[in-house]
Amino acid sequence: MLLVIKKLGSLVLCAFGLLASSVAMADYQLNMTPGVTQVSRDVYWLHSLVLVFCVVIALGVFGAMIYSLIYHRKSKGAVAAQFHENTAVEIAWTVIPFIALIGLAIPATKTLIELEDSSDPDMSIKVTGYQWKWQYEYLDEGISFFSNLSETSRAAAALGQDPTGVENYLLDVDNPIVVPINKKVRFLVTANDVIHSWWVPALGWKQDAIPGFINTAWTKIDEPGTYRGQCAELCGKDHGYMPVVLIAKTEEDYAAWVAEQQAAAAAEASGATKTWALADLMAKGERVYATNCAACHQPNGQGIPPAFPSLVTSPLLGQPVAEHINVVVNGRPGTAMQAFGAQLSDVDLAAVVTYERNAWGIDSGEIVQPAEAKAAR
Amino acid sequence: MTSVAATTDDHNTHHGPAKGLMRWVVTTNHKDIGSLYLWLAFIMFLAGGAMAMVIRAELFQPGLQFVRPEFFNQMTTLHGLVMVFGAVMPAWTGFANWLLPMMIGAPDMALPMMNNWSFWLLPFAFIMLVSTLFMEGGAPNFGWTFYAPLSTTYGPDSTDFFIFAIHLMGISSIMGAINVIVTILNMRAPGMTLLKMPLFVWTWLITAFLLIAVMPVLAGAVTMMLTDRNFGTSFFDAAGGGDPVMFQHVFWFFGHPEVYIMILPAFGVISQIVPTFARKPLFGYTSMVYAVGAIAFLSFAVWAHHMFTTGMPLAGELYFMYATVLIAVPTGVKIFNWAATMWKGSMTFETPMLFALAFIFLFTIGGFSGLMLGVGPADMQYHDTYFVVAHFHYVLVTGAVFALIAATYYWLPKFTGNMYSEKWGRIHFWLSTIAVNVLFFPQHFLGLAGMPRRIPDYALQFADFNMISSLGAFVFGASQLIFLCLVIHTIRGGSGKATDQVWEAAEGLEWTLPSPPPYHSFSTAPEVK
């Protein structure tokens, strides 16, 4: 057994060596962020209050126990007293904590009421959780897009890769949600499949996204900046890979961003009417596949059977293109295969089906045009 | 309510246990069944611990080094299920079997046949649960809380085996609880009134009522899952008119009392050990009993504090916040009573006392973080982060598990007739206590800094504390092998014979029996003055 301990000792020493060398790449954040909204600062203040409350009690109770551990020990000749009750003391240490808790409950109640009051917003954004991405719909501006883990993070997150040096590893997305500062933004939070939880620590709260429910939450951010968070509710295989990135912009910058988004949506719509060449569809299809399909069906199309079937050996390949489009548009109910019809444009659908029928050496030569995808809806 | 049954067993002096393996299969003896429970619990503790090692090895560095996310989720799920249902709960039932008859002056448990059955359901339940790891599609991967619809519509095929395993564990727990209640209420020695019972007996009596109240609720939840998955119902499926949030209400109506099921017997054990080594009677016996009763009662009325972020109405959130922080009052009473028991005592620090002291300090830290989590607005930040992981491991590992280890050191000399090695006990204590804090304390920081729980990989700023935590985990895991060796060594002779009294100042009927005690504990009921 001694040998085991010696070996453990050397393991610990060598691991501490590793630790020292890794200090440069990380920081030792100890406490909650105060955040960038009034609510988040109130939550932070409440957290600090209850922490101090606990530390003060701990000092008293632990102090008394440590005192008796030192002075009331047999080896110091202590003789045990025989008292075993004291009504006054017992009432005191029941009533005093009770009163202290009331003191704690008052500010907590105020903050909770403030946090839950999402009335009279300046604007509303619907947030929908999907396995494993977020959809943001700006209800008044007509903007809608999906937010996926960035491709650099996705690549570095594969088994056996080293993510050291990847900027904002696992906290970076392709399309961040953008909001204006100093406006009361209301979030309508829901989910498409399983329960997710939308969380940006700098806002001071998280809100569960639950299928069949629309939960509300709100924020009013003080300063422009990029704020990062993650899905907080276990939602399946890639729960750790669906970050939230929120960019707060000044009102002018935000207006410019909205105009840019609306112009891009118009350009996308115009692509739906033209006829595409195979190479263009393949190039676009590869990106659509990487963003929407690769998490389950894997970049090489092999999937992770049986939950996530291989596309390379799929019986769909032997069937007409229309059936393939149908599965992508409507999903397979009761499985993890979602209905992508609501998530992808006609061009995206055409491109990804074309890609799946021509990539990985399948080379069927079949081309799907956006018009066919549109017809399948 | 004293018993006559306890005094009629006079033909037993000549028959001992059956020979060979069949002894353990057919046994109706409370000590044999207690040993079976304890060994099962220890095996499951090591199995669940091995899964924790996989988890901590993967989290040692950022990036994926050893396992894929889908397997990582299976590990976190099974680790939780195995530790809760396989290690802590059966271990307490094992101690209940061993100790209750000896503490109340009875020959055996009241319902010995049912006792045998309630144990023998468990190995099959756990074989079924762990076998899901080898099934196509893998083991359950939705966390030990198995929230719908991740566990229903999206669960792997093996989920149905998990459901059946939970049913078996529930039946076993209910039978065990009935046995405890019937034994305590009917088989106490003459003169042992309810308020003369040792606190371990009291806490187990209340625990047994909690078990009977909530295990059927769990059974109901998994049965609804079963029909949702296989028979077209939509209890938890919003698309069919069901309600995924209702699953969480039902689960936590079971789940919150469940955490007290794991910790109340620990309160009992600590209340036995501290007076022995402080050489001073327990301070505030009556208030201890009332505090346990109050905690048990409140445990039914606070469940939705696990659900502050689900979008409950404000009034609901306020109520559950108030009720939750109220639990701090009776819990505080218990801590204060233990501190007052030590005050002006004459303390010595044998291994059981060391673990009991570590329990009081570290469980209190878990209690503090519990109070913090109970404050609704702050929970909006803490919820589902490593802060929660740190909290419940402080109350369950340095709480329930440390109390189990303390109980083992305290009563093992009585069970076996042999003393354990004090030197190795101390080594085990110091390694475990230092390592467990290195393991779990930094997780508070990780949670506050924003690391969600149940993720296989993390952003780079969380790297350092994760590495420290993993190092603590490896040392803590390895130290439990010392414990295993030490227990086996003690059974095989240890470091000498134990006296009947074992500890200088120990009080209670179990210490009046020889070490080891006879096969049928009290064949003549002792008189309690």
Side-chain angles (χ1 to χ4, degrees), chain A residues 8 15 19 22 25-32 43 46-47 50 54 61 64-65 68 72-74 78-81 84-85 90 93-94 97-98 101 105 108-109 111-112 115-116 157 159 161-163 169-171 194-195 201 205-208 210-212 215 230 232-234 237 240 306-307, chain B residues 62-64 68-70 136-137 143 147 149-150 154 238 244-245 279-281 283-284 287 309-311 314 317-318 322 325 329 332-333 335-336 339 342-348 368 372 375-378 380-381 384 445 448-450 452 454-457 459-461 463-464 467 471 475 478:
Chain A
L8 274 176
L19 198 66
S22 70
M25 84 177 179
D27 53 25
Y28 288 92
Q29 184 183 337
L30 296 176
N31 204 355
M32 183 190 284
V43 166
L46 200 59
H47 155 72
V50 59
C54 291
V61 177
M65 286 201 294
S68 38
H72 303 151
R73 51 170 72 202
K74 196 182 179 190
V79 179
H84 56 85
E85 55 187 8
E90 289 176 65
W93 71 36
T94 311
F98 184 79
L101 288 176
T109 304
T111 306
L112 197 56
L115 195 146
E116 293 291 349
L159 189 63
Q161 296 294 313
D162 180 8
Y169 175 61
L170 296 185
L171 294 178
V194 301
I195 300 175
W205 47 263
K206 59 178 68 71
Q207 180 62 60
D208 287 2
I210 304 172
N215 286 324
Q230 284 182 269
E233 178 63 59
L234 178 63
K237 179 171 81 71
Chain B
L64 289 186
R68 291 181 191 280
E70 53 272 29
E136 198 180 347
Y147 279 9
L150 187 62
Y154 294 84
V245 179
R279 291 167 182 75
K280 189 163 158 281
F283 188 88
S287 71
T309 63
T310 55
L314 177 65
E317 291 180 340
L318 288 173
Y322 301 149
V325 296
V329 174
V333 166
I335 308 282
F336 298 143
M342 291 188 274
W343 189 259
K344 295 203 185 242
S346 171
M347 276 189 276
T348 52
F368 284 137
M372 295 172 76
V375 177
M380 298 289 174
Q381 287 279 37
D384 266 336
F445 306 139
L448 292 176
R454 293 168 165 164
I455 56 174
D457 194 4
L460 300 179
Q461 68 259 36
D464 292 341
M467 189 177 279
L471 289 174
V475 177

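Note that the structure is a prediction, hence the values are computed from the model and not measured. Numbers restart at 1 for each chain; the letters A, B, ... are given by sequence-line order, proteins then strands.
The main-chain N or O of A:Met32 is never found under 3.5 Å from a side-chain atom of B:Gln381 such that the two would form a donor-acceptor pair. When atom types are taken as modelled, the side chain of B:Asp457 and the backbone of A:Ala157 share no donor-acceptor pair closer than 3.5 angstrom. Side-chain atoms of A:Thr111 never come within 3.5 Å of backbone atoms of B:Pro377 as a donor-acceptor pair (strictly under, hydrogens ignored). Of the possible polar contacts, none joining the A:Lys74 side chain to the B:Ser346 backbone as a donor-acceptor pair under 3.5 Å is found.
With 3.5 Å as the limit, one finds a donor-acceptor pair spanning the side chains of A:Asp208 and B:Thr309.
With a 4.5 angstrom heavy-atom cutoff, B:Tyr154 touches chain A only via side-chain atoms. Contacts between A:Gln207 and chain B at a heavy-atom distance below 4.5 Å involve backbone atoms as well as side-chain atoms. Interface residue A:Val61: only side-chain heavy atoms are found under 4.5 Å from chain B. Residue B:Phe368 touches chain A through both its backbone and its side chain, counting heavy-atom pairs closer than 4.5 Å. For chain B, the nearby parts of A:Leu234 are the backbone and the side chain; heavy atoms of each come within less than 4.5 Å. Interface remark: B:Val375 contributes side-chain atoms only to the contact with chain A (heavy atom separation under 4.5 Å). When heavy atoms are compared at a cutoff of 4.5 Å, A:Asn31 approaches chain B by way of both its backbone and its side chain. With a threshold of 4.5 angstrom between heavy atoms, A:Leu159 approaches chain B through its backbone and through its side chain. For A:Leu30, the parts lying under 4.5 angstrom from a heavy atom of chain B are both the backbone and the side chain.
When the candidates B:Ile335, B:Thr310, B:Val325 are compared by the number of heavy-atom contacts under 4.5 Å with chain A, B:Thr310 comes out ahead. Comparing A:Cys54, A:Ala64, A:Gly212 by how many heavy-atom pairs each has under 4.5 Å with chain B, the most go to A:Cys54. When the candidates A:Gly240, A:Pro97, A:Ala232 are compared by the number of heavy-atom contacts under 4.5 Å with chain B, A:Ala232 comes out ahead.
Residues A:Leu112 and B:Glu317 have side chains in contact (heavy-atom distance under 4.5 Å, counting atoms from C-beta outward).
Annotation: the span from B:Lys344 atom NZ to A:Ser68 atom OG amounts to 10.5 Å, rounded to 0.5 Å.
Taking all atoms of both residues into account, the shortest heavy-atom contact from B:Leu460 to A:Pro163 is CD1-O, 3.9 Å. The shortest non-hydrogen separation linking B:Tyr147 to A:Glu233 is CD2-OE2, 3.6 Å.
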